[in-house]
Structures are given as C-alpha cells and as structure tokens.
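This report concerns only the one structure given below.
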Amino acid sequence: MPNSERSRAAQRRAPDDFWGCFVIETKPIDGKAFAAGLRARIAEEVAGLKASAGLTPGLAVVLVGEDPASQVYVRNKAAQTAEAGMASFEYKLAADTPEADVLALVAKLNADPAVHGILVQLPLPAQIDANKVIAAIDPAKDVDGFHVVNAGRLAVGLDALVPCTPLGCIMLLKHHLGSLAGLKAVVVGRSNIVGKPAAQLLLKEDCTVTVAHSRTRDLPGECRTADILVAAVGRPEMVRGDWIKPGATVIDVGINRVPKDDGKTRLVGDVAYAEAQGIAGLITPVPGGVGPMTIACLLQNTLTAAKRQKGLA
Ligand code: NAP
Ligand code: LUD
C-alpha cells in the first residue's frame with residue numbers, strides 16, 4: 001500500500017486505538033483463483049461419475065428477457081457448466097413471455113431425467129411472479145437453493161441445496177480463517193438470495209450473527225463489532241473504511257455498475273475498497289471476489305443434485 005494511503009488509514013483511527021500501533025497489511029481474497037480450483041475439482045469428479053456410473057450431470061438455465069448483466073451471467077454459467085463436462089441446456093425467452101409459459105417450461109424440466117439442476121435467472125420481468133416460479137421448481141433440482149423446502153431445510157439444519165453466493169462466501173471464509181466458531185459476524189442485507197442464507201450458514205459455523213438492514217440503527221457501529229463483515233446491499237461503496245474493525249475479514253458481495261469519466265462503466269462493490277486498505281485484514285475485491293464463486297458453487301450444487309437424484313450421495 002502506498003504511504004499516503006497508509007497514513008490516511010492511520011488518521012481514521014482514534015489515537016488511543018490499540019490496533020493503531022500496528023500497520024495492518026490488507027490481503028485480497030482471490031475468489032477468481034479459488035473458483036478456478038473448485039471448478040477443476042468438480043470437472044474431475046464429473047469425469048469420474050461418467051466413467052463409474054454413466055452419469056452426466058445436467059443444468060438447465062432459463063433467462064427471460066434481455067437484461068445485459070443477466071445475459072453475461074447466464075452465458076458464463078452455461079460455458080463453465082460445459083467446461084466442467086456437464087450437460088448445459090439454455091432457454092432464452094422473450095421479455096414478454098407469459099408467466100404460464102415459464103411455469104410450463106419448469107414443469108417440463110422437472111420431468112426431464114437429463115436435467116438435474118434448474119436455475120431461473122433473476123430478476124424476472126414484472127408480469128412474472130418470481131416466488132411462483134421458484135415454488136414450481138422440484139426442490140431436488142433447485143440448484144439456486146431458493147425453494148422454501150431448501151430454505152427451510154437450511155434453517156433447521158438438514159441437508160439442503162444452499163444458495164450459491166452465500167455458499168461461496170462461506171467457502172472463502174473457511175479457507176482463509178479455518179474454524180469460524182465464536183467469531184462475530186455482521187451481515188448487511190437480508191435478501192432471500194444472499195443476506196438471510198449467509199446468516200444461516202454463518203450460524204451453522206458457530207458464529208455470533210447480526211443481520212443488519214435498511215432500518216438498522218447505527219449501521220456503522222454494528223459493522224464495527226464484526227470480525228466477519230458481509231456486505232450484500234447493492235449500494236456502491238456504502239460501507240466505509242471506518243466502519244471496519246481493524247483486522248476484520250470483509251466479504252463484499254455487492255456488484256454495482258457505476259459510470260466512469262469516459263462514459264463507460266466500472267464495477268464496484270458495496271465496500272469502499274481503497275478505504276478498507278490498512279484496516280481490514282482480508283477483503284474480497286470486486287470483480288474477482290465473490291462473483292466467480294457464485295458460478296463455481298452453482299456447478300457444485302448441480303453435481304450434488306445429480307448424485308442425490310441417482311442415489312449416489
Ligand atoms: P436486495 O434484494 O436488493 O437486498 C438488499 C438488502 O440491503 C436489503 O435487505 C435492504 O434492506 C438492504 N439495504 C438497502 N439499503 C440499505 C442501507 N442504506 N442500509 C442498510 N441496508 C440496506 O439485494 P441482493 O439480491 O441481496 O443483492 C445485494 C448486492 O449483492 C447487489 O449489489 C447484487 O448485485 C449483489 N449480488 C452479487 C452476487 C454475486 O455473485 N457476487 C450475487 C447476488 C447478488 P431492507 O430489507 O430493509 O430493504
Ligand atoms: N439469479 C443469480 N441473479 C443475479 N461476477 C448471479 C452473479 C456471477 N436465479 C439466480 O448469478 O445466482 C443467481 N441465481 N445471481 N449473480 C448475481 C445474481 C441471479 C453476479 C456476479 C457474477 C453471478 C460474476 O461472475 C464477476 C466478478 O465479480 O468477478 C464479474 C462479472 C462482470 O460482470 O464483469
């Protein structure tokens with residue numbers, strides 16, 4: 001870190017702050033590399049399953065409409081599924097597709113033995129009720145882990161298909177910190193996709209968990225108590241450097257496109273990454289942190305779902 005940045009970080013600390021005596025070197029968590037390793041391990045297992053059981057896991061991804069970010073994610077999901085040796089089925093439907101047609105497609109995929117995982121990319125156009133579509137997916141094929149059966153199973157501590165993004169966060173945390181038991185975790189955001197399941201998983205790892213949201217009083221103060229701070233808000237760089245406890249591990253789930261001077265856009269997280277330097281112990285960058293883990297965990301869930309459907313797990 002350049003000296004100018006380090007001294008700015010030092011100035012943000014109270015002079016009587018014990019940690020202020022130390023210079024903290026903030027290490028980035030390389031989610032891109034971890035995800036690549038995970039995908040390679042998955043590809044090996046897929047090759048083994050094909051040879052030993054004649055099983056090729058299959059993932060169907062459904063995209064309704066032309067949201068540019070969703071198009072990129074779905075394209076990457078399909079490509080990485082095929083790279084891992086699994087069968088990829090892509091369904092691209094027009095933005096004005098009626099809800100009944102999406103439900104009919106889900107029913108068809110539920111009944112297809114070559115499809116072990118079904119993912120309907122969110123957000124969906126306004127005429128389609130996402131909750132209805134999620135409820136229509138066979139829980140055994142719900143590789144997003146969004147169905148109430150999987151959410152409920154996670155909540156009561158049974159085997160479940162777990163939402164990919166929080167699963168990826170926990171994998172990164174365990175890899176870098178080892179046991180999470182007893183650590184204080186603060187999750188900012190309470191969505192069904194990220195915040196709530198992240199909190200459930202951290203609880204399962206024996207963390208003491210606080211879930212913060214838009215009605216939380218003193219959000220900076222809550223964040224400052226965290227050994228593990230998970231930001232899943234969708235607000236560019238909302239979490240400031242001085243909200244972070246020195247030495248804490250910061251998992252930035254946010255993916256925000258903000259305009260650059262040249263008229264193009266760049267990606268930033270929910271955490272002010274530059275301000276976190278010299279304060280956080282570990283931090284996931286955006287891009288290259290949690291995002292790639294989401295797709296790798298989707299492949300992991302597809303493999304798990306296929307094995308369970310064949311009675312192999
Ligand atoms: P979401 O459904 O919009 O939920 C956002 C949450 O943040 C809500 O619980 C909301 O609180 C809370 N919030 C909003 N403004 C706040 C504020 N000023 N102070 C405190 N809390 C606030 O979003 P999401 O689907 O969870 O996604 C969150 C972010 O993660 C987005 O940037 C999204 O693009 C990104 N994301 C990334 C990945 C990945 O793979 N990296 C995957 C999924 C999502 P209330 O509940 O009170 O409204
Ligand atoms: N819907 C998701 N909607 C949006 N980032 C993702 C995501 C990869 N049903 C359903 O895949 O799990 C889902 N299931 N989501 N998301 C967001 C959310 C969904 C977000 C980012 C990435 C998937 C990703 O690969 C890259 C990174 O952070 O390094 C950057 C990619 C880029 O845009 O340049």
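Just follow the structure's listing: the first ligand is 1, and inside any ligand the first atom is 1. Quick note: numbers below take in every heavy atom, side chains included, and nothing from hydrogens, waters or symmetry partners.
Residue Asp144 has at least one nitrogen or oxygen atom sitting less than 3.5 Å from a nitrogen or oxygen atom of ligand 2, judged on distance alone. Considering backbone and side-chain atoms together, Val120 places an N or O closer than 3.5 Å to an N or O of ligand 2. Considering backbone and side-chain atoms alike, Asn76 places every N or O at 3.5 Å or more from each N or O of ligand 2. Residue-to-ligand polar distances place Leu122 within reach of ligand 2: an N/O pair is separated by less than 3.5 Å. Residue Thr294 has no N or O atom closer than 3.5 Å to an N or O atom of ligand 2. Ligand 1 has no nitrogen or oxygen under 3.5 angstrom from a nitrogen or oxygen of Ile193. Considering backbone and side-chain atoms alike, Ser191 places an N or O below 3.5 Å from some N or O of ligand 1. At under 3.5 Å, not a single nitrogen or oxygen of Thr165, backbone or side chain, sits near a nitrogen or oxygen of ligand 2. Looking at Gly288 next to ligand 2, an N or O pair under 3.5 Å apart turns up. Considering both main-chain and side-chain atoms, Ser214 comes within under 3.5 Å of ligand 1 through a nitrogen or oxygen pair.
Here the rule is side chain to side chain contact (heavy atoms under 4.5 Å, CB included) with Leu299, and of Glu83, Lys77, Gln80 only Gln80 fits it. Just one of Val64, Leu63, Leu124 meets the side chain to side chain contact (heavy atoms under 4.5 Å, CB included) condition when paired with Leu93; it is Val64. Each of Val149, Asp159, Val162 was compared with Leu154 under the side chain to side chain contact (heavy atoms under 4.5 Å, CB included) criterion, and only Val162 meets it.
For Lys245 and Asp227, the salt-bridge test passes: some basic side-chain N is under 4.0 Å from an acidic carboxylate O. Ion pair Glu90/Lys92 flagged as a salt bridge, since at least one NZ, NE, NH1 or NH2 atom sits closer than 4.0 Å to an Asp/Glu carboxylate oxygen.
Ranking protein heavy atoms by distance to atom 27 (O) of ligand 1, first place goes to Val194 CG2, 4.4 Å. The shortest contact between atom 41 (N) of ligand 1 and any protein heavy atom is with Val253 O, 3.3 Å. Here the heavy atom of the protein found nearest to atom 34 (O) of ligand 1 is Ile255 O, 3.4 Å. Summary of contacts: the protein heavy atom closest to atom 42 (C) of ligand 1 is Thr165 OG1, 3.2 Å. Closest to atom 5 (C) of ligand 1 among all protein heavy atoms lies Val233 O, 3.4 Å. With respect to atom 15 (N) of ligand 1, the closest heavy atom belonging to the protein is Arg235 NE, 2.6 Å. The protein atom (non-hydrogen) at minimum distance from atom 8 (C) of ligand 1 is Arg190 N, 4.0 Å. In terms of protein heavy-atom proximity, atom 31 (C) of ligand 1 is closest to Gly234 CA, 3.5 Å. Annotation: atom 17 (C) of ligand 2 to nearest protein heavy atom, Tyr73 CE1, 4.0 Å. When only non-hydrogen protein atoms are considered, atom 34 (O) of ligand 2 lies nearest to Leu267 CD1, 3.6 Å.
The CD1 atom of Ile118 lies 11.0 Å from the NZ atom of Lys108; values are rounded to the nearest 0.5 Å.
Close contacts between ligand 1 and Gly291 involve ligand atoms 40 (O), 41 (N) [criterion: under 4.0 Å to a heavy atom]. Set against the non-hydrogen atoms of Lys77, the atoms of ligand 2 under 4.0 Å away are 2 (C), 6 (C), 11 (O), 12 (O), 13 (C), 14 (N). Atoms of ligand 2 lying under 4.0 Å from at least one heavy atom of Arg257, given by number and element, are 32 (C), 33 (O). Here is the list of ligand 1 atoms found below 4.0 Å of a heavy atom in Val290: 41 (N). Annotation for ligand 1: atoms under 4.0 Å from non-hydrogen atoms of Thr294 are 39 (C), 40 (O).
For the pair Leu173 and Leu202, the minimum side-chain heavy-atom distance is below 4.5 Å. You'll find the side chain of Gln300 reaches within 4.5 Å of the side chain of Ile42, heavy atoms only.
Here the shortest heavy-atom pairing between Leu49 and Pro57 reads CD1-CG, 4.4 Å. Closest approach of Val253 to Ala232, counting heavy atoms only: CB-CB, 4.0 Å.
Within 6.0 Å of the CZ atom in Arg224, the count of heavy atoms belonging to other residues, nucleotides or ligands exceeds 12.
Only the side chain of Ile255 comes within contact range of ligand 2, with a heavy atom under 4.0 Å; no backbone atom does. Using a 4.0 Å cut-off between heavy atoms, Met293 makes no contact with ligand 2 at all. If you look at Leu219 next to ligand 1, the close heavy atoms, those under 4.0 Å, all belong to the side chain. At a heavy-atom cutoff of 4.0 Å, ligand 1 is contacted by the side chain of Met238 but not by its backbone.
Not a single heavy atom of Gly195 sits less than 4.0 Å from an atom of ligand 1. A heavy-atom separation below 4.0 Å is not found between Val72 and ligand 2. The closest approach between Lys32 and ligand 2 stays at or above 4.0 Å for every heavy atom of the residue.
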